[in-house]
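Step one of this worksheet: look at the structure below.
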Amino acid sequence: DPSFTDPTVIPATRRTVSDDLVGATVDGLSPGTRYHVAVSVGGRRDERRTAQVRTPLEGAQSFRVAFASCARTASNGSVFDAIRAADPLLYVIAGDAHYGDIARDDAGSLLEVWQRTLTAPAQQALYQRVPVAYVWDDHDYGGNDADASSPARTMAQRVYRDLVPHPPLERPDDIGQSFVIGRLRFVLTDTRSHRRPAGDGSGTLLGAAQEAWLIDEARAAGAAGQLLVWVSPTPWIGTAAPSSDTWAGFAEERRRVADALVVAGVDDMVMLAGDAHMLAIDDGTHSDYTTAGGGGFPVAHGSALDRRGSVKGGPYSEGTYPGGGQFGLMDVVDDGGSDIAVILSGWNWRGERLVELPVTFDLAPTGGGGSG
């Protein structure tokens, strides 16, 4: 009831994040339901700060996902209004939700950056209407090009666990996570917490445990007849270059992961990637880094939210569109049959569509094993 004249009270577990930030966990929500949420402080309801949340249906369903990355700290850009107007079921942030660049063990400073970000009017309005799935990149983790050696590593992970809504995290030392909506399995990888450059392309972005988990999740998606949606805050496509901060700088690991996905029988997969300040889509022509070939998959970038435009990696079959005030959409059309249609597109804050690629997948289960 949006008027809250006869509200149903659902118990919540409250937790204090800091003096100015409070979180709550709510269980027992019903699928396919729009809930209206109000906050009561000192027994008095705050009428100005109400929110909505729409839960997914169970089973096959059609829905929309927005995805983007790279926003200035506390940005109030119109792009956030455009994302809200698109009415997605979910908003995926693929890194650099802010540019706090807290490269030290200072939780207070990081929480202050998050407070400014979450209360910026346009962002606040979006988060009060659309659920978020978020994984960090360097600027919102531990500073530009930060890796496992960052002094902020442990602190950033602690703040994430306390502040950010997320499904269960698989390991205590990174924020990799997965969840299922309809017949899509979303896997968000943390490419900063275990990152160790080697200078010759043989370092690691994921770490051994997270890499094995990613392949298990991919195998489980295939066995269940699900489309795998891999959210990588690090760009995938690009010529091997040991000095690169993208997957191109970790060419051996990229090849190993690509081969493992093929061995796991992953035929149905989309990557949503971050970091690069551009809209870009590849149909799978340029994303194949397997040893023997045959492992390409669609890759989409939906950036930058409000940073200066830039191009990373490529080529991309559908071209690149560098600039700020941009985001991506993934429309899923699923009537429960063997095929599922996905439309990847890139938009700007004016509501102009700059790029689009429709893809159809056959979701017949592979019959393989794996962990869910």
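Atoms considered below: every heavy atom in the structure, side chains included; atoms not considered: hydrogens, waters and symmetry mates. Everything quoted here is computed from the prediction, not taken from an experiment.
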Problem - Flag, side chain of Asp190 to backbone of Ile175, donor-acceptor distance under 3.5 Å - result: yes
Practice task
May I ask you to check whether Glu252 and Ser202 show a side-chain donor-acceptor distance below 3.5 Å?
Solution key: no
Practice task
State, with a plain yes or no, whether a side-chain heavy atom of Leu214 is found less than 4.5 Å away from one of Val187.
Solution key: yes
Practice task
Could you tell me whether the side chain of Glu217 and the main chain of Trp213 form a donor-acceptor pair under 3.5 Å?
Solution key: no
Practice task
Check whether any side-chain heavy atom of Pro56 lies under 4.5 Å from a side-chain heavy atom of Phe63, and answer yes or no.
Solution key: no
Handout entry: Residues Gln326 and Ser303: side-chain donor-acceptor under 3.5 angstrom
Key = no
Practice task
Answer with yes or no whether the side chains of Ser75 and Asp306 bring together a donor and an acceptor at under 3.5 Å.
Solution key: yes
Exercise for the section: Taking Ser317 for its side chain and Asp283 for its backbone only, find out whether a donor-acceptor pair lies under 3.5 Å. Expected result: yes
Exercise for the section: Answer yes if the side chains of Ser78 and Arg350 hold a donor-acceptor pair under 3.5 Å, and no otherwise. Expected result: no
Problem - Side-chain donor/acceptor of Asp282 to backbone N/O of Thr285, under 3.5 Å - result: yes
Exercise for the section: Please answer whether the main-chain N or O of Asp145 pairs with a side-chain N or O of Asp138 as donor and acceptor at a distance below 3.5 Å. Expected result: yes
Problem - Thr73 side chain near Arg116 side chain, heavy-atom distance below 4.5 Å - result: yes
Practice task
State whether a side-chain donor-acceptor pair under 3.5 Å links Asp334 with Ser62.
Solution key: no
Exercise for the section: Check the pair Tyr316 / His301 against ring-ring contact (aromatic ring centres under 6.0 Å, His included), numbers first and verdict last. Expected result: CA-CA 10 Å; Tyr316 298 88; His301 286 266; 5.7 Å; yes
Practice task
Could you grab the distance from atom CG of Leu227 to atom CG of Leu184, nearest 0.5 Å is fine?
Solution key: 4.5 Å
Exercise for the section: For Val257 and Ile215, work out which heavy atoms get closest and say how close. Expected result: O-CD1, 4.1 Å
Handout entry: Six-ring centre of Tyr35, Arg54 cation under 6.0 angstrom, axis tolerance 45°
Key = no
Exercise for the section: Check whether any side-chain heavy atom of Leu169 lies under 4.5 Å from a side-chain heavy atom of Arg171, and answer yes or no. Expected result: no
Fill in the blank from the handout: Output for pair (Gln124 CD, Arg129 CZ), nearest 0.5 Å, gives 10.0 Å
Practice task
Kindly give the heavy-atom pair with the smallest separation between Arg158 and Asp105, and that separation in Å.
Solution key: NH2-OD1, 4.4 Å
Practice task
Measure the shortest side-chain to side-chain distance between Ile281 and Val299 over non-hydrogen atoms and say whether it is less than 4.5 angstrom.
Solution key: no
Practice task
Find out whether the Lys NZ or Arg CZ of Arg192 is both under 6.0 angstrom from the six-membered ring centre of Trp136 and within 45° of the ring's axis.
Solution key: no
Completion exercise
OG1 (Thr320) and NE2 (His277) are apart, to the nearest 0.5 Å, by 14.0 Å
Exercise for the section: Check whether the side chains of Ser244 and Thr246 place a donor and an acceptor atom closer than 3.5 Å, and report yes or no. Expected result: yes
Handout entry: Steps toward side-chain hydrogen bond (donor to acceptor under 3.5 Å, both in side chains) verdict (Ser193, Gln157)
Key = CA-CA 9 Å; Ser193 294; Gln157 293 184 10; 2.9 Å; yes
Exercise for the section: Please check if the side chain of Asp140 supplies one atom and the backbone of Asp137 the other of a donor-acceptor pair under 3.5 Å. Expected result: yes
Practice task
Begin with the C-alpha distance, continue with both residues' side-chain angles, and end with the deciding distance and a verdict on side-chain contact (heavy atoms from CB on, under 4.5 Å) for Tyr127 and Leu118.
Solution key: CA-CA 8 Å; Tyr127 306 145; Leu118 295 174; 3.9 Å; yes
Handout entry: Residue pair Phe186 / Val65, side-chain heavy-atom distance below 4.5 Å
Key = yes
Handout entry: Residue pair His194 / Asp174, side-chain heavy-atom distance below 4.5 Å
Key = yes
Practice task
Starting from the C-alpha separation in whole Å, work towards a yes-or-no answer on side-chain contact (heavy atoms from CB on, under 4.5 Å) for Leu272 and Val270.
Solution key: CA-CA 7 Å; Leu272 307 181; Val270 171; 4.0 Å; yes
Handout entry: same_hphob_cluster(Val164, Val113) at 4.5 Å side-chain heavy-atom cutoff
Key = yes
Practice task
Check the side chains of Trp236 and Thr234 for a donor-acceptor pair under 3.5 angstrom, ignoring hydrogens and angles.
Solution key: no
Problem - Modelled atom types, side-chain donor and acceptor of Thr204 and Glu253, under 3.5 Å - result: yes
Problem - His139 side chain to Asp101 side chain, donor-acceptor N/O pair below 3.5 angstrom - result: yes
Practice task
Give the minimum heavy-atom separation between Ala198 and Gly203, together with the two atoms involved.
Solution key: CB-N, 3.5 Å
Practice task
Taking atom CZ of Arg353 as the centre, report whether more than 12 heavy atoms of other residues, nucleotides or ligands fall under 6.0 Å from it.
Solution key: no
Problem - Parallel, tilted or perpendicular: ring planes of Phe297 versus Trp230, cut at 30 and 60 degrees - result: tilted
Problem - SB check Arg72 Asp96 (cutoff 4.0 Å) - result: no
Handout entry: Sidechain-backbone polar pair: Arg185 side chain, Ala224 backbone, donor-acceptor under 3.5 Å
Key = no
Handout entry: Minimum-distance pair of heavy atoms, taken over all atoms of Asn76 and Ala120
Key = OD1-C, 4.0 Å
Exercise for the section: State plainly whether one hydrophobic cluster holds both Ile343 and Ile181, where clusters connect Ile, Leu, Val, Met, Phe, Trp and Tyr through side-chain heavy atoms under 4.5 angstrom apart. Expected result: no
Problem - Expected output: side-chain Tyr134 to main-chain Tyr91 donor-acceptor under 3.5 Å - result: no
Completion exercise
Of all heavy-atom pairs linking Ala38 and Thr50, the shortest is CB-CG2, 4.3 Å
Practice task
Using the ring of Tyr289 (Phe, Tyr or Trp, six-membered ring only), decide whether Arg255 places NZ or CZ under 6.0 Å from its centre and within 45 degrees of its axis.
Solution key: no
Handout entry: Inter-residue atom distance Ser150.OG - Arg153.CZ, 0.5 Å rounding
Key = 9.5 Å
Practice task
Taking Gln210 for its side chain and Leu206 for its backbone only, find out whether a donor-acceptor pair lies under 3.5 Å.
Solution key: yes
Problem - Side-chain heavy atoms of Gln128 within contact of Val37, under 4.5 Å - result: no
Practice task
Write down the atom of Gly199, the atom of Pro242, and the distance for their closest heavy-atom approach.
Solution key: O-CB, 3.1 Å
Practice task
Kindly say whether Thr191 contributes a backbone atom to a donor-acceptor pair with the side chain of Thr189 at under 3.5 angstrom?
Solution key: no
Practice task
Would you sort out whether Lys312 and Asp275 count as a salt bridge (charged side-chain N to carboxylate O under 4.0 Å, His left out), showing the intermediate values?
Solution key: CA-CA 9 Å; Lys312 286 190 177 182; Asp275 184 57; 2.6 Å; yes
